[in-house]
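Protein chains get the first letters and strands the later ones, always in sequence-line order, with residue 1 at the start of each. These numbers come from the heavy atoms of this one structure, side chains and all, not from hydrogens, waters or symmetry mates.
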Protein chains: 4
Amino acid sequence: MASNKAPERRASIGAQRNPASEEAILTAAAEILAEGGFGAFSIEAVARRAKAGKPTIYRWWPSKAALLLDVYQRQKTFDAQPDTGDVERDLAIFLKSLLSFWAEGPQGNIFRSIIAEAQSDPAAEKALSDYAADRRIHTGEIIRRAQERGQVPAETDASLLAETIAGFAWGRLLTGNANSPPEELERAVHQMVAGIIRP
Amino acid sequence: MASNKAPERRASIGAQRNPASEEAILTAAAEILAEGGFGAFSIEAVARRAKAGKPTIYRWWPSKAALLLDVYQRQKTFDAQPDTGDVERDLAIFLKSLLSFWAEGPQGNIFRSIIAEAQSDPAAEKALSDYAADRRIHTGEIIRRAQERGQVPAETDASLLAETIAGFAWGRLLTGNANSPPEELERAVHQMVAGIIRP
Amino acid sequence: MASNKAPERRASIGAQRNPASEEAILTAAAEILAEGGFGAFSIEAVARRAKAGKPTIYRWWPSKAALLLDVYQRQKTFDAQPDTGDVERDLAIFLKSLLSFWAEGPQGNIFRSIIAEAQSDPAAEKALSDYAADRRIHTGEIIRRAQERGQVPAETDASLLAETIAGFAWGRLLTGNANSPPEELERAVHQMVAGIIRP
Amino acid sequence: MASNKAPERRASIGAQRNPASEEAILTAAAEILAEGGFGAFSIEAVARRAKAGKPTIYRWWPSKAALLLDVYQRQKTFDAQPDTGDVERDLAIFLKSLLSFWAEGPQGNIFRSIIAEAQSDPAAEKALSDYAADRRIHTGEIIRRAQERGQVPAETDASLLAETIAGFAWGRLLTGNANSPPEELERAVHQMVAGIIRP
DNA sequence: TGGTAATCGAGACGGTACGTCTGGTCTTAGG
DNA sequence: CCTAAGACCAGACGTACCGTCTCGATTACCA
């Protein structure tokens with residue numbers, strides 16, 4: 001991605017964090033995840049590619065998970081807040097955008113890695129849980145706007161629906177099915193929104 | 001005549017798989033996962049606890065993931081097929097049972113490990129994807145029964161709803177929130193089933 | 001060496017040693033040693049190539065060393081007993097023949113393997129020591145003939161000279177220098193026989 | 001402030017070889033060879049006894065043979081250069097000293113191991129061959145001194161005689177007969193030096 | 001003539017060691 | 001006090017052999 005052929009040593013710049021090192025490390029980590037997935041991701045590999053010392057990494061990121069999260073948040077530019085005036089359409093756009101975002105760039109691989117890491121590292125689990133809650137609030141805005149419009153009853157739990165949609169997306173990502181046909185996703189959203197009970 | 005120096009050794013029973021070894025290995029693996037989670041799970045550790053040789057494990061389970069799946073399927077006795085005559089109630093029971101099942105026994109930890117492993121091992125990803133599809137069919141039966149009763153329209157995609165519910169459960173499990181208040185789960189199912197659009 | 005393309009299984013011929021198996025095993029062992037040296041030699045490899053069961057090998061040869069010795073003695077056709085009437089010439093012929101014999105065929109590799117094995121297996125050490133003593137007697141005949149002719153004093157220790165020559169040959173073999181120029185070997189023998197003290 | 005959980009650990013001393021580790025590894029290796037011979041010698045065992053990581057060993061000694069040679073040269077204090085004024089006496093002292101040196105200390109076992117290893121590892125073979133050539137030059141000095149005195153003709157090949165004596169000693173060592181009666185060794189040297197041809 | 005006994009190939013068993021990789025800690029030398 | 005570098009111990013990885021065991025079959029020998 002970022003070409004990295006600096007022939008010169010990247011020495012200390014004194015008693016402070018060297019932004020060039022941070023940059024090189026995050027870039028290297030992202031490239032490794034994009035190229036080889038979670039299996040290829042190790043602190044050793046990152047240090048090797050970034051031409052950094054392992055302690056430099058450990059100094060700033062206490063765990064593999066912290067580095068992963070930093071990489072994800074740095075890359076992440078996904079911020080779909082569709083507002084067509086129709087909640088179903090908005091949510092369908094959101095879901096389709098999220099899965100394409102994961103399927104097309106390296107971010108899908110990175111986020112999968114974070115989830116994987118969270119299954120054995122409690123700190124990563126906590127971070128992931130917090131991150132998910134935050135995203136729920138964010139996504140919930142779509143629904144809250146519909147509530148303000150009167151399209152959705154006030155007693156609807158926006159967070160719970162946001163969680164439902166996110167859970168669906170996670171399931172696809174984690175089983176290697178992030179690349180889903182749009183119609184299917186639209187159908188899924190339609191069922192969530194319209195319900196299935198015969199009127 | 002046969003000297004009995006090591007009476008507890010589990011020798012070969014000829015050119016065929018020894019069920020006692022298989023048993024010991026699966027049991028050891030399950031115990032390790034229950035006690036220490038995925039972080040403590042290694043082929044070495046399993047071999048040590050099962051008093052088996054590493055090659056014996058590799059002979060029958062080509063990868064860590066294969067062993068994990070075997071352990072999960074062996075333990076798994078969760079087979080809720082509630083049939084109260086009301087689809088929402090059935091699905092709520094299903095979701096609550098699944099999450100309790102994961103929260104209370106070791107199976108939650110084991111399944112989390114499988115998902116984690118699937119993020120770096122393509123074979124595990126495939127196995128997980130297949131397993132999920134299979135479970136979807138199984139869970140879909142609840143909805144198909146409702147369709148036969150006329151409670152749910154025939155054009156509803158049962159598999160997609162099953163996936164939605166499963167995705168929700170995965171999300172809770174993977175963020176360490178398998179232990180959820182039942183009312184919340186009921187509310188989630190209610191929204192999925194009844195929809196959120198104002199009539 | 002012996003072509004071995006028997007498509008049929010080599011079954012038991014009753015409660016007795018099957019000569020076809022013995023043959024196949026010794027042939028396979030010799031071929032492996034000739035091709036890959038001691039490093040490639042393992043009971044597994046022999047069993048594989050001979051299409052024999054490991055227990056069949058262990059039944060008849062209690063140790064790797066026993067098999068090695070059997071292979072060596074089966075191959076060994078070196079039996080130089082030159083008798084030109086001149087002891088120096090006889091011994092030079094003997095030494096040159098021995099080293100060519102080792103350098104040209106597989107027997108050099110096999111004998112090196114036996115010596116190597118003898119360094120960690122006491123049984124092999126004993127067998128090697130006995131074998132060496134036996135060969136000493138054999139080689140000593142050359143000198144004893146010279147004593148009978150009156151060319152060599154009666155008090156000369158024939159066995160000790162035989163050992164000296166054998167030791168020289170071993171040294172060359174074990175350092176990978178079995179392929180020595182004949183003149184050098186003649187010079188070595190000349191010094192041993194004629195002495196070095198100024199008359 | 002520095003937690004002292006494992007005060008006896010031998011940590012890194014920076015980006016450079018830690019002499020304490022080298023010391024511990026060589027000592028452990030020597031002890032294992034002295035106690036159990038070549039059969040007990042494995043990198044695992046050395047690492048275990050030295051409380052070192054295997055990679056630390058592989059970092060500095062690329063092969064088992066390299067470690068063996070280092071151990072031998074470190075132990076080796078045998079440096080007999082007798083100078084009595086009589087070449088036969090000098091050589092007899094040399095041979096007797098060498099075999100006692102091998103028979104009494106661990107060095108015999110170590111050197112046997114090196115020879116054994118050289119039979120399957122080409123690098124070890126080369127190292128052994130070079131080492132033997134070097135020792136030949138060293139031992140040859142005894143003979144060259146005699147040549148200067150005029151006791152031995154100038155045309156005598158000192159290296160070849162040194163090789164003869166060394167070969168004799170190797171033969172004894174490798175067959176487990178390092179512990180030889182001195183008279184026998186004296187007789188052997190006498191024959192080599194005085195020749196056997198009737199005047 | 002039928003039962004016993006030893007053989008055969010095959011291959012699984014619990015183990016040990018291999019040589020490599022990574023984890024996380026520590027120290028150095030230089031800015 | 002930071003930086004790159006890299007050594008340190010620890011231990012998991014997946015593979016190759018070790019020597020032992022049991023299997024089912026195949027025969028020779030003996031009752």
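- Backbone-only contact: B/Gln16 has heavy atoms under 4.0 Å from sugar-phosphate atoms and none from a base.
- Taken from CD1 in C/Ile57 to CG in C/Leu26, the straight-line distance is 9.5 Å, to the nearest 0.5 Å.
- The CG-C1' distance, from B/Asp121 to F/dC13, rounds to 14 Å in whole Å.
- Judged by distance alone with a 3.5 Å cut-off, no donor-acceptor contact links the side chain of C/Lys51 to the base of E/dG9.
- Counting atom types as modelled, C/Lys54 pairs no side-chain N or O with a base atom of E/dG9 as donor and acceptor under 3.5 Å.
- Summary of the strand contacts: D/Ala11 and C/Ala52 both lie near DNA chain E, and taking for each the nucleotide with the nearest heavy atom, the more 5' one is attributed to C/Ala52.
- Contact check of residues 20-43 of chain B against DNA chain F (heavy atom, cut-off under 4.0 Å) returns B/Ser42, B/Ile43.
- B/Arg17 has its CZ atom 11 Å from the C1' atom of E/dA12, to the nearest Å.
- In this structure, B/Arg10 contributes its side chain and B/Ala50 its backbone to a donor-acceptor pair below 3.5 Å.
- For the pair C/Trp61 CH2 and F/dG19 P, the interatomic distance rounds to 15 Å; values are reported in whole Å.
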> Checking side chain to side chain donor-acceptor pair (under 3.5 Å) for the pair A/Glu23/A/Thr27: CA distance, chi angles, key distance, verdict?
Replying inline: CA-CA 6 Å; A/Glu23 164 74 21; A/Thr27 301; 3.2 Å; yes
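- Residue B/Ile13 is the one, among A/Ala45 and B/Ile13, whose nearest nucleotide of DNA chain E lies closer to the 5' end (criterion: closest heavy atom).
- Both B/Glu44 and B/Pro55 lie close to DNA chain F; mapped to their nearest nucleotides by heavy-atom distance, the more 5′-ward contact belongs to B/Glu44.
- For C/Asn18, counting side-chain heavy atoms from C-beta on, the closest listed nucleotide (E/dC8, F/dC21, E/dT16) is E/dC8.
- At least one side-chain nitrogen or oxygen of B/Thr56 sits closer than 4.0 Å to the OP1 or OP2 atom of E/dG14.
- With E/dC13, E/dT25, E/dG11 as the choices, the nucleotide that has an atom nearest any side-chain atom of B/Trp60 turns out to be E/dC13.
- Of the candidates E/dC8, F/dA5, F/dG14, F/dG14 carries the atom nearest the B/Tyr58 side chain, counting heavy atoms from C-beta on.
- Checking side-chain atoms of A/Ser113 against main-chain N and O of A/Asn109 turns up a donor-acceptor pair under 3.5 Å.
- Proximity of a side-chain donor or acceptor of B/Asp121 to a complementary backbone N or O of B/Ser63 within less than 3.5 Å is not detected.
- When the P atom of F/dG11 is taken as reference, atom CD1 of D/Ile57 falls 15 Å away, rounded to whole Å.
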>> Using side-chain contact (heavy atoms from CB on, under 4.5 Å), reason through B/Ile114 and B/Phe38 one step at a time and then give a plain yes or no.
In response: CA-CA 9 Å; B/Ile114 293 170; B/Phe38 188 45; over 6 Å; no
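- In this structure, B/Lys64 and B/Ser12 both approach DNA chain F, and ranking their closest nucleotides by distance from the 5' end singles out B/Lys64.
- Here E/dT16 presents its P atom at 12 Å from CZ of B/Arg48, a figure rounded to the nearest Å.
- B/Arg59 places its CZ atom 12 Å from the C1' atom of F/dC17, with the value rounded to the nearest Å.
- Judged purely by atom type and a 3.5 angstrom limit, D/Gln119 uses its side chain to pair as donor or acceptor with the backbone of C/Leu174.
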